[in-house]
Colleague: 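First the structure, then my questions, so here it is.
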Amino acid sequence: MNLKDHLDARILVAMHAAGISDAPAVVKPSSRTGFGHYQANGMMGAAKSLKTNPRALAEKVTAVLCNDEDFNLEIAGPGFINITLSDTFLSNKLSEVRGSPRLGVEEHATRKFVIDYSAPNLAKEMHIGHLRPTTIGDAAVRILEFLGQDVIRANHVGDWGAQFGSLLAYMEQIATDEEALGAELKDLERFYQSASALFREDEAFATKARGYVVKLQSGDERCMALWRRFINESVTHCQAVYDKLNITLTPADIMAESAYNDDLPVVVKELHQNGLLVTSDGAKCVFLDEFKGKDGKPLPAIIQKSDGGYPYMASDLAAVRYRAQLLETDEALYFVGAPQQLHLRQVFAVATAAGYIGVQQKFRHLPFGSIMKSDGTPFKTRDGAAVKLASVLDEAIDRAYKIVSDKNPDLAEEDKRNVARVVGIGAVKYAELSKNRITDYIFSWDTMLSFEGNTAPYLQYAYTRIRSIFRREKIDTETLSGDLSLTEDAERLLAVKLLQFSEILDNVIEDYQANILCNYLFELAGMFMSFYESCPVLKAQPELKASRLLLVDLTARTLHQGLDLLGIETVEQM
RNA sequence: GCGCCCGUAGCUCAAUCGGAUAGAGCAUCGGCCUUCUAAGCCGAGGGUUGCAGGUUCGAUUCCUGCCGGGCGUACCA
């Protein structure tokens with residue numbers, strides 16, 4: 001149940017009964033304690049259009065609901081209606097949520113989604129820049145699936161293009177020594193760098209590399225074999241990173257750029273038939289009025305280059321065409337960096353003009369900023385190279401291991417290793433997810449691995465503290481029973497927070513801002529800690545103890561579910 | 001030049017179609033462990049929301065103009 005929507009609907013009905021139509025109730029959580037649990041802000045707006053006094057309107061509305069047992073209404077300020085939920089209402093709703101394996105979250109009407117995320121370039125190793133699209137996209141996938149949506153993961157990896165010429169030429173050069181080749185491919189980044197260095201410095205090699213691009217495009221068998229070998233190696237590397245990162249992508253989710261190769265001439269043909277295609281300076285372009293380049297000159301979307309090659313505009317259009325027409329998706333979400341904004345606007349605009357995207361279909365770009373160092377400069381190594389994602393993850397686990405060993409030396413070695421993995425990886429992911437998607441963010445080991453503040457370790461620790469209550473008395477949460485009763489304010493605050501899980505998920509998917517869920521979990525954990533300090537659980541009288549155990553269990557389940565939707569693991573003890 | 005994004009406490013970040021006194025964490029300072037994990041809790045100080053206007057009952061939020069930063073702007077992806 002979405003509590004906010006429920007209350008909004010109740011107020012709206014009362015507004016209609018009071019003779020107010022065509023005005024929203026604008027119910028939202030109260031801005032501060034003392035103003036009830038929720039507040040309805042719609043009376044001021046309604047009064048404006050009805051040219052009347054907002055407090056008088058609020059009087060009429062509250063009069064309709066004055067005998068309601070679910071909540072108490074109070075008028076405040078210029079015309080706010082503060083809603084205080086009754087203890088009975090809260091405990092009834094909590095009981096419902098408790099009995100639901102989905103924590104009271106209803107499944108939405110099913111629509112089909114294509115989520116385009118991660119999409120590394122297979123020519124190189126994944127670097128730190130892939131962290132954001134990968135973690136944020138995966139959280140979106142998990143949340144949409146939890147809400148009952150039909151989700152297709154689309155990993156649009158880069159496996160084609162000029163850069164593969166030098167890679168293949170370099171492979172060819174050392175292919176005679178199978179052992180050496182196998183060893184070289186283990187470090188893709190070095191492989192790429194060796195190949196591109198040769199390309200820059202050795203003219204003969206560069207010529208050969210360019211030849212390989214042509215051969216590859218014409219389907220030369222030996223080239224294709226080398227190419228497949230390389231791609232397999234690279235995919236294996238990516239999958240290892242995904243597994244370590246607890247990302248739900250599998251090789252089956254890969255729909256590579258090259259998969260659209262056969263469609264590219266078709267796209268050109270169809271754009272031509274639609275009368276959209278114009279040849280300019282030898283390149284086949286689509287010009288749309290809304291796109292202007294330097295000096296106000298028309299900005300083309302180049303579909304085919306003057307040398308006959310296809311730029312990524314073409315394969316992206318082919319991908320839109322595939323997703324819209326063959327997959328018949330209702331919605332497509334692109335988790336791609338902000339610098340690609342103009343490009344994707346062009347892709348969607350051309351695809352719309354070409355009739356690929358139907359009027360009911362939504363294609364959205366969800367951009368995000370870059371990762372910066374603490375001095376505000378881009379996150380690169382000293383020599384300017386991208387930082388390998390795999391090494392970032394290893395370092396996170398190493399650092400977490402040191403912290404865990406330091407804080408809990410008694411833990412068994414095997415457990416320490418597992419906690420270090422869960423905490424280290426969780427910290428890196430949570431640091432990404434807990435910040436606004438749009439802005440750049442500062443990467444800081446100390447901040448993300450801290451057990452204080454809005455971090456994964458804090459939440460994971462909160463979870464273990466909660467679970468330890470049950471472990472201490474060997475209580476099986478399956479056997480919990482009794483009535484839920486709320487007697488202390490700390491319990492009420494926790495209760496309301498727990499009931500908000502559903503509406504929070506709805507808020508998240510409005511713009512796929514995972515930080516909304518992170519903030520919620522942080523506040524939930526904080527409220528639990530306050531409750532835990534002021535309300536004894538195991539030492540309470542039997543009835544109170546039973547009631548509080550229900551609250552504790554529900555908090556644990558909500559925290560666990562919330563973290564799981566973010567792709568973050570928990571442990572029982574740390 | 002034009003387009004998009006951003007500018008909030010010393011630092012890192014919030015603020016849900018415009019709502020009440022702009023909130024957290026870190027850092028600083030002060031309390032709380034013979035009592036369920038102190039990796040915790042409670043409290044204090046800290047702000048002209050880049051600047052100047054406008055819209056209105058009400059603006060961090062919407063509009064205009066500046067200032068500062070980032071990115072993009074025809075055959076790399």
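Letters A, B, ... are given to chains in the order of the sequence lines, protein chains preceding strands, and every chain is numbered from 1.
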Colleague: Report yes if a donor N or O on one partner sits less than 3.5 Å from an acceptor N or O on the other, where the partners are the side chain of A:Gln340 and the base of B:A77; otherwise report no.
Modeller: yes

Colleague: Using a 4.0 Å heavy-atom cut-off, write out nucleotides 36-41 of chain B from 5' to 3' as B (base contacted by protein), S (sugar-phosphate only) or - (no contact).
Modeller: BBSBSS

Colleague: RNA chain B: stems of at least 3 consecutive Watson-Crick or G-U pairs, cut-off 3.5 Å?
Modeller: B:1-7 with B:67-73, B:10-13 with B:23-26, B:28-32 with B:40-44, B:50-54 with B:62-66

Colleague: Contacts to RNA chain B from residues 294-303 of chain A, heavy-atom cutoff under 4.0 Å, which residues?
Modeller: A:Lys294, A:Asp295, A:Leu299, A:Pro300, A:Ile302

Colleague: Do nucleotides 59-64 of chain B as a string where each nucleotide becomes B, S or -: B if the base has a protein heavy atom under 4.0 Å, S if just the sugar-phosphate does, - if no protein is that close.
Modeller: ------

Colleague: Using a heavy-atom cut-off of 4.0 Å across all strands, would you classify A:Gly161 as base, sugar-phosphate, or nothing?
Modeller: nothing

Colleague: Suppose we screen for ring pair (Phe, Tyr, Trp, His ring centres under 6.0 Å). Which residues come up paired with A:Phe348, at least two apart in sequence or across chains?
Modeller: A:Tyr334, A:Phe363

Colleague: Counting the atoms with a prime plus P, OP1 and OP2 as sugar-phosphate, which does A:Gln39 contact under 4.0 Å by heavy atoms, base, sugar-phosphate, or nothing?
Modeller: base

Colleague: Go through the N and O atoms of the side chain of A:Ser280 and the base of B:A74, and report whether any donor-acceptor pair is under 3.5 Å.
Modeller: yes

Colleague: Answer yes or no: is there a side-chain heavy-atom contact under 4.5 Å between A:Tyr520 and A:Asn507?
Modeller: no

Colleague: Indicate, with a heavy-atom threshold strictly under 4.0 Å, whether A:Pro24 touches base, sugar-phosphate, or nothing.
Modeller: base

Colleague: Within the structure shown, what part of the strands sits under 4.0 Å from A:Glu257 by heavy-atom distance: base, sugar-phosphate, or nothing?
Modeller: sugar-phosphate

Colleague: Any base atoms under 4.0 Å from A:Phe35, or only sugar-phosphate, or nothing? Heavy atoms, all strands.
Modeller: base

Colleague: Quick one: ring-ring contact (aromatic ring centres under 6.0 Å, His included) pairs with a partner in residues 456-477 of chain A, sequence neighbours left out?
Modeller: A:Tyr458-A:Phe522, A:Tyr463-A:His560

